[in-house]
There are 2 protein chains.
Amino acid sequence: MQRGPERTTARGQPFGDDGIPMIAPIIAPDEQPEPPPLHALQADLIAVLVAVSSGAPRVMTLEGGRALPSGPFELGHRSLQSGLRAWVERQTHHPLGYVEQLYTFADKDRGGEGGARTISISYLGLTREMSGGEGGWRSWYEYFPWEDHRAGVPPVIGGLVAPALAGWSAAAPSRAERDHRRQRAITAFGLDDQPWNEEMTLQRYELLYEAGLVPEAHRTATAADKTVPGTTMMGDHRRILATGVARLRAKIKYRPVVFELMPDTFTLLQLQRCVEALAGRTVHKQNFRRLMEQQELVEETGELTSEGIGRPAKLFRFRHAVLAERAFAGTKLPLARP
Amino acid sequence: MQRGPERTTARGQPFGDDGIPMIAPIIAPDEQPEPPPLHALQADLIAVLVAVSSGAPRVMTLEGGRALPSGPFELGHRSLQSGLRAWVERQTHHPLGYVEQLYTFADKDRGGEGGARTISISYLGLTREMSGGEGGWRSWYEYFPWEDHRAGVPPVIGGLVAPALAGWSAAAPSRAERDHRRQRAITAFGLDDQPWNEEMTLQRYELLYEAGLVPEAHRTATAADKTVPGTTMMGDHRRILATGVARLRAKIKYRPVVFELMPDTFTLLQLQRCVEALAGRTVHKQNFRRLMEQQELVEETGELTSEGIGRPAKLFRFRHAVLAERAFAGTKLPLARP
DNA sequence: GTCGCTATACTCAGTTTGAGCATATTTCGA
DNA sequence: TCGAAATATGCTCAAACTGAGTATAGCGAC
């Protein structure tokens, strides 16, 4: 949506998801009676850094694709977000553009042993540049092969996921629980002719986890035939990635964030392909451009593309002005007039 | 939306906003090389606890309405959420039902002096019960008088807010900055016949903060005539409250969370009044009930109300089944068929 | 019995949305 | 050179959705 810090809070700090400022304000700290500090507490910052290239949504990884960029929040950091930026830029040599917070957790079972507790704060970042460099960019469908429905329902669903989930449902201790599991599998994966909902990425991953169908669910090595394909990651990084995918898929529908992933000028088909890559499903071409035009999100540059086959397409650019003009918030209540 | 922990993650933990699990999973913690712990780090949990009664959306407060319930995250807490529940229940003697995370921040200017840093993790909680008890329930419109548009545009906007913002805009250092400020004020507050967007609660508060029109923006006491009416709070609690209001106003439109605030059975008018209280604006009655019926969110109990004036209304209850049946995620992309 | 109030049914036009048809330009290969 | 293949773009159409209004029903109070 914005390039750099365009939408900002009263303190000049950028807004994130749902209009929530990414950084905390400057407030006179004088009244709250602070309780004694907690020992051995630390905070980790974890980034889901996304770009789209050659038709695939890519995520920046480390350790041969097994980890997301992350690092501890340090005393020197001005804010959580600046701490994150510092770490990611050091680890990936890649500047961070748009950033929004995903989620914070601090489970007892995580973190170091002994009394230490780790708070994990995850972020979603979007970028256009693709320096390659570290070579850590991976298609997120390597991690979630069942999520790409652009070429129809992927065979892994009918072939592996559905039967495995059926077995898990059947193994439920009670009839009610069995029906509940079935229902959840059906809605999450669009079985039984239920519609596929691309935004349920996290629920699907969690369902597979609960059913023991992803290796992360086991503390010991598991037979490969008992799990569903897809690259695993350290700790719960794959779950954080699923959170980022779900958030981004939801967000592109009501906020113009796709443009963060596009070059300055682009054709409508390129834009469409980008959206399709993220959503994991195809879009009706004519309706897509109708939508783009009537929302006035883009404007023609006046130029045409020459590259590629077929009739040359008009080049467009994002209308940054809409960020100031419009509010971007869905209204679904039947409002009465004043 | 759900009562108690109905939608849960693979680890049996409840989902929060956007399907994000509220609690972190149980994962084998063995590979990540943990960096040295940060000294003097602590985490605060802050709750925006909401209920609706007698036509007003209420928030649980402490300290005579000047603070939100909060407390430190402690080693003994199983998770952030359970820590929050413990604190809130101890402070307010009020059980917590539906809970979702709002935002986490850790600004350098906040927290204790010296090297100590505080991470603030805020939550939104919804409840039906209204024990009164501590007497800490306040209408959130006490804090944001400009947010209640149920009886038309509140006079404080035309009388105070708009002129003050106009002055702030005029005082901008450059022409571009002046236009930008004007534009922001217009879209945020629905001036110049722009539509009012009730979801922009946070942006409005932040705008007033930036313009120096709320006392929190000043480190020293300010002349009352330079600020806009509305009860202030400690630190940035009012900003957190604004975040919660904005989140809830957005959420009631795409997830059936209103029912968390309703008694078990209710009339459609009661439900409508609850939505109106939260949204701060009125709703077209006939269309509202059409929406409720066609979405099959409620079912008749078969009984009628006798209390009150006018024709008795049918009583309804929330159809908990829809939580299992449906996915609840807006689709706004023009999707193609397979 | 009429008034004030709320409940509920129905209508209607304008807009949005999903889907398809048709035509215009290019490149590429036979 | 011509057509096939691929892309761009304009237009239509019906179903669904939405905002807003009209009409009628049932109840208590006076």
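Here is how names work: the chains are called A, B, and so on, in the same order as the sequence lines, proteins then strands, and each is numbered from 1. Since we're looking at a predicted model, the values are computed, not measured.
Rounded to 10°, the helix from C:dG1-D:dC30 to C:dA30-D:dT1 has 20° between the axis fitted to its first five pairs and the one fitted to its last five.
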| request: Between protein and nucleotides 25-30 of chain D, map the contacts as a letter string: B base, S sugar-phosphate only, - none, heavy atoms under 4.0 Å, written 5' to 3'. | output: BBB---
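B:Arg150 forms no cation-pi arrangement with B:Trp196, by the criterion of a distance under 6.0 Å to the ring centre and an angle within 45° of the ring axis.
One can place OH of B:Tyr254 at 21 Å from P of D:dC17, the figure rounded to the nearest angstrom. The CG-P distance, from A:Asn287 to D:dA15, rounds to 16 Å in whole Å. Rounded to a whole Å, the CZ atom of B:Arg281 is 13 Å from the C1' atom of D:dG19.
Closest to the side chain of B:Gln294, out of D:dA20, D:dT18, C:dA19, is D:dT18. The listed nucleotides are D:dA20, C:dT6, D:dT9; the one nearest the side chain of B:Lys285 is C:dT6. For B:Arg289, taking side-chain heavy atoms from C-beta onward, the closest of the listed nucleotides C:dG20, C:dT17, C:dA7 is C:dA7.
With the nearest nucleotide of DNA chain C identified for both B:Leu269 and A:Arg290, B:Leu269 has the one nearer the 5' end.
Donor-acceptor pairing under 3.5 Å, judged by distance alone, is absent between the side chain of B:Gln286 and the base of C:dT11.
Taking the charged nitrogens against the carboxylate oxygens, B:Glu198 and B:Arg249 have no contact shorter than 4.0 Å, which rules out a salt bridge.
Counting non-hydrogen atoms under 4.0 angstrom, B:Leu268 reaches nothing in the nucleic acid.
Heavy atoms only, all atoms of each residue included: A:Gln101 and A:Arg247 are closest at O-NH2, 2.7 Å.
For the atom pair OG1 (B:Thr305) and CZ (B:Arg311), the distance works out to 10.5 Å, reported to the nearest 0.5 Å.
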